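What you are looking at is a predicted structure, and each value in this text was computed from that prediction instead of being measured.
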Amino acid sequence: QVQLVESGGGLVQPGGSLRLSCAASGSSFSTYIMGWYRQAPGKQRELVAQITSGGSTTYADSVKGRFTISRDNAKKTVALQMNSLKPEDTAIYYCRRGLTSWGQGTQVTVSS
């Protein structure tokens with residue numbers, strides 16, 4: 001069974017940056033689409049960014065130009081670089097592998 005472990009969350013001021021990382025166990029990491037999702041209090045979980053096995057990326061409109069997703073297949077990791085953070089980016093951020101595997105989440109709070 002795959003394990004996904006997120007790290008890098010925390011408290012940051014508006015305009016600041018954070019880098020989230022997700023480490024995956026298991027095999028065939030390079031063949032899976034990987035994604036970052038987030039869920040704010042009282043809201044549904046939403047896609048933030050995803051990256052295919054071939055390296056193609058997709059971003060939510062709300063984060064385009066500010067967030068960058070990347071993957072390192074040799075290390076079985078996927079990262080989310082978040083710049084120019086806004087209070088509305090506050091949420092629990094989850095890593096997802098394929099369609100069914102989720103990490104436990106990491107809290108990101110953007111506040112002054």
Please examine the side chains of [Y] and [X], heavy atoms only from C-beta on, and report whether any two atoms are closer than 4.5 Å.
X	Y	answer
M82	L20	yes
R38	T90	no
C95	W36	yes
K75	S21	no

In the single-linkage hydrophobic clustering (I, L, V, M, F, W, Y; side-chain heavy atoms under 4.5 Å), do [X] and [Y] co-cluster?
X	Y	result
L80	Y94	no
I69	I92	no
L47	W102	yes
L85	Y59	yes

Quiz item: Taking everything shown except Q3 itself, do over 12 heavy atoms lie less than 6.0 Å from its CD?
Solution: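 Counting other residues, nucleotides and ligands, CD of Q3 stays at 12 neighbours or fewer.
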Quiz item: Does atom CD of Q44 have more than 12 heavy-atom neighbours from other groups under 6.0 Å away?
Solution: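 No, not enclosed.
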With rounding to the nearest 0.5 angstrom, report the [atom1] to [atom2] distance, [X] to [Y].
X	Y	atom1	atom2	answer
T77	D72	OG1	CG	4.5 Å
C22	Q104	SG	CD	8.5 Å
R96	I33	CZ	CD1	8.5 Å

Non-hydrogen atoms of [X] and [Y] that approach each other most closely:
X	Y	value
R97	V2	NH1-CG2, 3.6 Å
N83	S17	OD1-OG, 2.9 Å
S112	P14	N-CD, 3.7 Å
T109	Q107	OG1-NE2, 3.4 Å

Quiz prompt | Qualifying residue, where the test is side-chain contact (heavy atoms from CB on, under 4.5 Å) with V110 and the options are L18, V12, L11 | solution =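 Of the listed options, the one satisfying the test is V12.
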Self-check item: Lys/Arg cation over aromatic F29: R71, 6.0 Å, 45° cone
Solution: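 That pair qualifies as a cation-pi contact.
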Quiz item: Honestly, is R45 close enough over Y37, meaning NZ or CZ under 6.0 Å from the six-membered ring centre and within 45° of the axis?
Solution: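 No cation-pi geometry.
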Quiz item: Would you call K86 and D89 a salt bridge, using N to O less than 4.0 angstrom?
Solution: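 No salt bridge links K86 with D89.
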